[in-house]
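For reference, the structure is listed below as C-alpha cells.
Basis for what follows: all heavy atoms, side chains included, without hydrogens, waters or symmetry-related copies.
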Amino acid sequence: MREFAFEQRLCASLEHDVDGVLARQLGGGVHSARRVLDVVVAQPGPTFDDRAAITGRTIPHRAIESDVGRGRSRDWRGAFDLPAERARGIVERAVDVGFFERDPTAGAEHVRRACRYPEGWFGRLVAVENKPDLGAPGDLETQLLKDVRLGLVDEVVLATASHVTRAHLNRIPEAVGVWRFDPETLDRTVVREATPLAVDDHGTEIVEEHAGWTEVRVASPAAKARARRRLAERAYGKGWRVDEFPGCGRVRDVAVAGGGGLPYCEWKGRIVDPGNECGADCPGFEASEPPSVDVAGERDRRTGWVADPDGLARRQAGLDRFG
C-alpha cells in the first residue's frame, strides 16, 4: 500500500481511538523547517475547550507572542520585532481568525486581543512516522534519531504494515515506539512502547547538512516550548484530511473507522492523493464536478475540534481606564 493511503487509514483509525486532534505533514523543527512529521497527535489539556471556542483555524504564533494585549489597544507597528509588511500580514490573519480585534476609536492601526490565549490547552504531543514497508526504510533510522535527540514531542512512534523483527527493532532508536498497523483491518498492535522524551530539557537539532560538515544547534527548553505551541496550533488548524476532492467522476468519499472524508478512486481501487495523482494526466480521469464532501463536518463530529465556534471575544468597553 502506498504511504498516503496507509497514512489516511491510520489517521482515521487514530481519530476513532485516541482523544485529541490529528494533523499530517507538519514541520517538526525548532530552528529549521527541514524535518516534516508525518502525523502529529495533540492530546487535550485542561483548557482545550477554551481554545476550541476561539477559532477552528490556526492562530499565528507571532500574534500570540506579540506585545499586543487585551484591554487598551496599541498600534501594531510597535508590537512586533518584524519587518512592517510581514507584521501587517500577521495582524490581518489574527483579526480574520478572531484573535485580534481592531479599535477604530483609537486609530486605524490600533488592535488588541479579542480574548486571552489559553495556555495549557494541549497536553502531550505524539509524532508518528509512517513506513508501511520496512524492506525499503531509506534514511528512517537517521530521521528518528534526529527526533529523539531534539525531544520536541513527548513521544515518537513508528507505524508500519511490515512484520517487525528483532533486527528491525535493533536498527530503530530505543526510545521510539513501534506499531504494526494493518490498513485493511485497522488492527493496531503495539510492538514496543515509546519512551517519553525530555521535552523540558535542552535538545540538539541538525539545521544544515553538507558534504564534509554538519551544522548542529542547541534548542533551549524555552525555544522548544514555543515550537511545541506552534506545532500544536498548526495541528489544530490543519487536520489530516485533504482540503478538496478532485473533479473526477471516479473519485468518491469513503468512510474508514466510521469517519468519512477520504478520497477513494474506483478506477485505481484505492485511496488517492488528489494533489499528486489526480487530473487530466491520469488515464482513468473522468471530468466531473467534485463530490460534495463535508470534510470539516467530519472532523467536528468525531473530535473536540469545533469547525465554527462562537468565539471568546469579549467587549473591552470600560477596560481602557485601567491601562
Side-chain angles (χ1 to χ4, degrees), residues 1-18 20-26 28 36-41 126-140 143-144 156-164 168 172 176-191 235 238-286 288 290-299 301-303:
M1 175 173 286
R2 297 196 178 197
E3 187 166 321
F4 179 82
F6 179 88
E7 197 165 273
Q8 290 279 293
R9 289 183 175 273
L10 176 62
C11 285
S13 177
L14 289 175
E15 187 177 71
H16 178 270
D17 297 340
V18 176
V21 292
L22 289 83
R24 299 177 50 252
Q25 301 297 302
L26 299 181
V36 176
L37 304 175
D38 287 343
V39 177
V40 173
V41 182
V126 179
V128 183
E129 179 74 13
N130 296 314
K131 189 63 65 174
D133 182 9
L134 290 181
D139 58 351
L140 175 64
Q143 290 175 342
L144 293 174
V156 177
V157 175
L158 168 67
T160 182
S162 296
H163 174 69
V164 182
H168 288 136
I172 298 168
V176 175
V178 180
W179 296 340
R180 189 180 184 195
F181 177 70
D182 186 326
E184 299 300 332
T185 66
L186 307 184
D187 289 336
R188 180 164 52 94
T189 303
V190 177
V191 178
K238 183 179 182 183
W240 59 269
R241 290 175 173 85
V242 299
D243 293 329
E244 295 181 355
F245 275 54
C248 176
R250 289 180 167 175
V251 177
R252 59 179 174 84
D253 179 16
V254 66
V256 174
L262 287 78
Y264 182 85
C265 175
E266 295 177 338
W267 185 74
K268 293 181 178 178
R270 57 177 171 83
I271 292 173
V272 291
D273 181 355
N276 294 316
E277 297 185 73
C278 301
D281 292 339
C282 174
F285 179 74
E286 290 184 356
S288 175
S292 178
V293 181
D294 186 5
V295 172
E298 283 296 298
R299 191 182 186 207
R301 179 177 68 86
R302 286 165 56 86
T303 71

Do Arg270 and Val272 have side-chain heavy atoms sitting under 4.5 Å apart? yes
Going by heavy atoms in the side chains, are Leu158 and Leu134 under 4.5 Å from each other? yes
Side chain to side chain, Arg24 and Cys11, heavy atoms closer than 4.5 Å: yes
Point-to-point distance, once rounded to the nearest 0.5 Å, from CG of Leu144 to NZ of Lys131: 9.0 Å
Search all heavy atoms of Pro132 against all heavy atoms of Phe6 and return the closest pair with its distance. CG-CG, 3.6 Å
Does the side chain of Trp179 reach to within under 4.5 Å of the side chain of Val190, using non-hydrogen atoms? yes
Could you walk me through whether Val21 and Arg299 pass the side chain to side chain contact (heavy atoms under 4.5 Å, CB included) test, one step at a time? CA-CA 9 Å; Val21 292; Arg299 191 182 186 207; 3.8 Å; yes
Residues two or more places apart in sequence or in another chain: which of them pass salt bridge (Lys or Arg N to Asp or Glu O under 4.0 Å) with Asp17? Arg188
Can you measure from CG (Asp133) to CZ (Arg2) and round to the nearest 0.5 angstrom? 13.5 Å
Side chain to side chain contact (heavy atoms under 4.5 Å, CB included) with Trp240: of Leu26, Asp38, Leu262, only one passes, and it is Leu262
Verdict with reasoning, Thr189 to Phe181, per side chain to side chain contact (heavy atoms under 4.5 Å, CB included): CA-CA 6 Å; Thr189 303; Phe181 177 70; over 6 Å; no
Do other residues, nucleotides or ligands put more than 12 heavy atoms under 6.0 Å from the CG atom of Asp243? no
Of all heavy-atom pairs linking Val157 and Val178, the shortest is CG1-N, 4.4 Å
Keeping to residues at least two apart or across chains, list the salt bridge (Lys or Arg N to Asp or Glu O under 4.0 Å) pairs with something in residues 248-259. Arg250-Glu286, Arg252-Glu266
When rounded to the nearest 0.5 angstrom, what is the spacing between OG1 in Thr303 and CG in Leu14? 13.0 Å
Atom pair CD (Gln8) and CD1 (Ile271), whose distance is rounded to the nearest 0.5 Å: 6.0 Å
Separation of Arg241 CZ from Leu22 CG (nearest 0.5 Å): 9.5 Å
Counting distance only, does the side-chain N/O of Thr160 pair as donor-acceptor with the main-chain N or O of Arg180 below 3.5 Å? no
Look up atom SG in Cys278 and atom CH2 in Trp267, then write down how far apart they are to the nearest 0.5 Å. 11.0 Å
Of the options Pro246, Cys265, Cys248, which is the one that meets Phe285 in a side chain to side chain contact (heavy atoms under 4.5 Å, CB included)? Cys248
Neighbour count >12 (heavy atoms, 6.0 Å) for atom CD, Gln25: yes
With side chains defined as the heavy atoms from C-beta onward, is the minimum distance between Lys268 and Glu277 less than 4.5 Å? yes
